[in-house]
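Sequence lines set the chain letters: A, B, ... in the order given, protein chains first and strands last, and positions in each chain run from 1.
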Amino acid sequence: MTRSGSSKGFSDWQPLPGWAPSPDVLRETLDGGQAFRWNEANNIWTGTWSTHCVQLRLGDTGLQWRGTPGTTAADLRRYLAHELDWTALTNSLPWRSDTHLAHCITAFPDLRILRQPFGETLLGFLCSATKQIVQIKQMVALLAERHGQSLPPWRAQLPLGRGSAGAEPSTCHRLPTWSEIATIPEKDLRACLLGFRARYISETATFLSKHPGWLDETEALPYPAAKARLMELPGVGEKVADCVLLFGAGKLEAFPVDTWVLKSLARRYGLDGWKPAQVAHFGRTHFGPLAGLAQQYLFSWERKFGGR
DNA sequence: CGAAGACCTTG
DNA sequence: AAGGTCTTC
């Protein structure tokens with residue numbers, strides 16, 4: 001390695017104009033439950049999606065990035081949904097008539113919704129049932145490490161003897177594709193700490209490998225049709241389908257109702273005792289066509305400040 | 001239909 | 001109990 005400033009096969013640091021989140025909001029966006037493949041060390045975030053591995057840091061001049069060869073600024077901008085005007089989108093939420101929403105927005109300025117690869121998002125949220133983010137990240141990391149292709153630029157760069165065990169997680173492996181997962185025995189999936197989710201993932205993989213194009217077609221459908229189709233998959237209910245469409249397809253009208261959103265609406269909107277389906281209906285009508293973005297503000301606030 | 005239980009595993 | 005889904009009373 002002779003290029004100055006590079007390490008582990010990365011390019012040099014480059015500015016990424018157009019987004020200036022605080023450290024907390026950067027963390028909330030990358031590691032707040034939308035995605036499960038970002039890890040922070042020494043104020044540097046390392047993340048992987050598709051065949052891309054990228055690092056982000058907040059310097060004096062703003063957000064900077066570097067990536068493995070083959071990863072362009074355009075790849076990163078797409079992942080970060082950089083082409084959307086998030087200030088304008090947030091401004092169009094009904095915060096003027098909703099003081100709690102206004103409060104949440106103020107608490108997480110510049111929060112945004114990621115645009116992750118559709119299939120990988122599905123895999124992540126199939127792992128998510130009754131699990132916390134740390135555990136979901138653990139499962140996904142094991143899947144990548146044990147069953148995903150390693151990303152070439154990193155392989156030769158890994159230190160032979162690691163100083164501190166586990167300091168660098170599986171960020172140098174891509175996730176296995178659905179066709180690859182279809183060939184993995186269920187017991188090997190369970191060995192990745194998937195538990196009962198292993199059967200869902202295995203059956204989904206079998207279906208998807210027999211129906212090439214099915215995922216792409218689903219992603220391209222309008223929200224209601226896409227959601228109905230996703231819910232045909234084993235292990236995909238309302239909540240998972242909405243998460244996949246919101247975080248992996250840019251469908252900002254999707255309004256996932258998990259325990260945090262349930263708590264938020266019960267506590268801050270007086271919807272105590274309402275069931276998830278009722279809360280979902282309230283959310284879509286009250287927050288409008290960008291309900292998913294509103295959901296993310298409520299979710300982040302409730303998790304960070306709401307307690308219990 | 002709507003409310004419980006089961007489903008894996010770990011902190 | 002944990003960011004659910006599916007099956008069964």
Between A/His286 and A/Asp98, do the side chains contain an N or O donor and an N or O acceptor separated by less than 3.5 Å?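 There is such a pair (donor and acceptor under 3.5 Å, judged by atom type) between the side chains of A/His286 and A/Asp98.
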Would you say whether A/Phe196 stacks on B/dC8? The test is a distance between ring centres of less than 5.5 Å and an angle between planes of less than 30°.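 Here the ring of A/Phe196 and the base of B/dC8 are not stacked, as the 5.5 Å and 30° limits are not both satisfied.
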Give the rounded distance in Å between these two atoms: [atom1] of [X] and [atom2] of [N].
X	N	atom1	atom2	answer
A/Gln278	B/dG2	CD	P	9 Å
A/Leu230	C/dC6	CG	P	12 Å
A/Ile133	B/dT10	CD1	P	20 Å
A/Lys227	C/dT5	NZ	C1'	14 Å
A/Gln132	B/dG11	CD	C1'	9 Å
A/Leu194	C/dA2	CG	P	20 Å
A/Lys131	B/dT9	NZ	C1'	5 Å
A/Lys275	C/dT5	NZ	P	17 Å

Partner of B/dC8 by Watson-Crick or G-U wobble geometry, both contacts under 3.5 Å, or none?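 Pairing partner, where one exists within any strand: none, as none qualifies.
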Single-linkage hydrophobic cluster A/Phe305~A/Ile105, side-chain heavy atoms < 4.5 angstrom: yes
Please check if A/Leu58 and A/Leu76 belong to a single hydrophobic cluster, counting links between Ile, Leu, Val, Met, Phe, Trp and Tyr side chain heavy atoms closer than 4.5 Å.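 They do share one cluster, since a chain of ILVMFWY contacts under 4.5 Å joins A/Leu58 to A/Leu76.
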On the nucleotide B/dC8, are OP1 or OP2 found under 4.0 Å from the side-chain N or O atoms that A/Arg197 carries?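 Answer no for this pair, as no side-chain N or O of A/Arg197 is under 4.0 Å from OP1 or OP2.
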Please list all pairs passing the salt bridge (Lys or Arg N to Asp or Glu O under 4.0 Å) test where one or both residues lie in residues 200-215 of chain A, with sequence neighbours left out. A/Arg199-A/Glu203
Walk me through whether A/Arg66 and A/Gln55 qualify under side chain to side chain donor-acceptor pair (under 3.5 Å). CA-CA 5 Å; A/Arg66 62 184 186 181; A/Gln55 292 191 323; 2.8 Å; yes
Taking the nucleotide of DNA chain C with the closest heavy atom to each, which residue, A/Gly235 or A/Phe247, is nearer the 5' end?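 The residue whose closest nucleotide sits nearer the 5' end is A/Phe247.
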Can you tell me, in whole Å, how much space there is between the P of B/dC8 and that of C/dT8?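 Rounded to whole Å, the distance is 14 Å.
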Going by modelled atom types, is there a donor-acceptor pair between the base of B/dC7 and the side chain of A/Arg199 at under 3.5 Å? no
